[in-house]
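One-based numbering, in listed order, for ligands and for the atoms of each.
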Amino acid sequence: MAESTRIDRLMSMLSLATRSQAKSMVKDGRVEINGQTATDSSQYAPPGAVITLDGNVIDARLDRHVMMNKPAGLLTAARDSQQKTIMDLLPPVYTSLQCMPVGRLDKDTEGLILLTTDGQLAHRLLSPKQDVAKVYRARVTGKIDAGTVQRFRTGISFKEFVSLPAELEIEVITGELSVAKVTVREGKFHQVKRMFSACGHEVLSLRRLSFGPLELDEALAPGDWRELSDEEIDALRETADYG
Ligand code: URA
């Protein structure tokens, strides 16, 4: 917790209770703040306070930063009335704390997606000024040749923009398929697919391997997620030139 928060508000933000339920819990003497039984639900819990409910310590962190291995088939969105989103993979507390995706991956794209409660950090990581590198592995139709590598490097013209220099490293060419690693420093809509399409290749699958200083944790199966370590958060903040 970065600042003191009213205990009833805190409990509702953490999806533990509605504010009126929190009020009853406090009235019934079930909540302690730093070892003292709370007496009023309007009481404030200071940053870093140890809070217990019925004697059990609750995870009262309001700041959350998550790395997820996005599976294909889910939308990158906070919510959607029709389709499942990556938020459905997280406990509801992440939604109540507004832990939001940093940018987006297409529905059929897999791999590393970050989510954070720190909107300012997300904003900075996505800002063109910060030039954050994103690495993808793409499986595409056709044989990628030196001309395509060069076009990625020099920039490709689209109706509304010219792509910034991108690196294309061919990994495998088999028959009529190629696999390559692509590093881009911007995040235009369908960017990688459009760059390949402009060079005559259709992207068959796309997986993000890294975002700035963070690499996808290989221990995470598609759909798995974990909180970032303090070192990873520091590295992100440094990349974003923030905090
Ligand atoms: N580029 C794309 O075309 N799609 C993604 O999901 C990410 C980058």
In the protein, which heavy atom is nearest to atom 1 (N) of ligand 1, and how far is it?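 Answer, as residue, atom name and distance: V192 N, 3.1 Å.
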
Nearest protein heavy-atom contact for atom 4 (N) of ligand 1: which residue, which atom, what distance?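 Result for atom 4 (N) of ligand 1: D106 OD2, 2.7 Å.
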
Result of checking Q191, R208, E110, R207 against Y136 for side-chain hydrogen bond (donor to acceptor under 3.5 Å, both in side chains):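 Only match with Y136 under side-chain hydrogen bond (donor to acceptor under 3.5 Å, both in side chains): R208.
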
Quick check on contacts: which atoms of ligand 1 are under 4.0 angstrom from a heavy atom of T109?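 Reading through ligand 1 atom by atom, the close ones are 4 (N), 5 (C), 6 (O).
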
Which atoms of ligand 1 have any heavy atom of Y136 under 4.0 Å away?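 Going through ligand 1 atom by atom, the ones under 4.0 Å from Y136 are 7 (C), 8 (C).
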
Could you state the interatomic distance from CE (M13) to CZ (R19), rounded to the nearest 0.5 Å?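 One finds 9.5 Å between CE of M13 and CZ of R19.
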
If I apply the N/O under 3.5 Å rule, does [X] come out as touching ligand 1?
X: H190; value: yes
X: K193; value: yes
X: L206; value: no

Does the residue F189 have a heavy-atom contact with ligand 1, meaning some pair of atoms that are separated by less than 4.0 Å?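 Outside the 4.0 Å threshold, so no.
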
Do you know which of V149, T148, D145 makes side chain to side chain contact (heavy atoms under 4.5 Å, CB included) with C199?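 Per the side chain to side chain contact (heavy atoms under 4.5 Å, CB included) rule, the option paired with C199 is T148, out of V149, T148, D145.
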
For P101 and I86, work out which heavy atoms get closest and say how close.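 Shortest heavy-atom contact: CG-CD1, 4.0 Å.
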
Please determine whether a side-chain nitrogen of the Lys or Arg among R64 and D59 lies less than 4.0 Å from a carboxylate oxygen of the Asp or Glu.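 Yes.
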
Salt bridge (charged side-chain N to carboxylate O under 4.0 Å, His left out) between K188 and E160, worked out: CA-CA 10 Å; K188 298 282 194 311; E160 67 298 8; over 6 Å; no

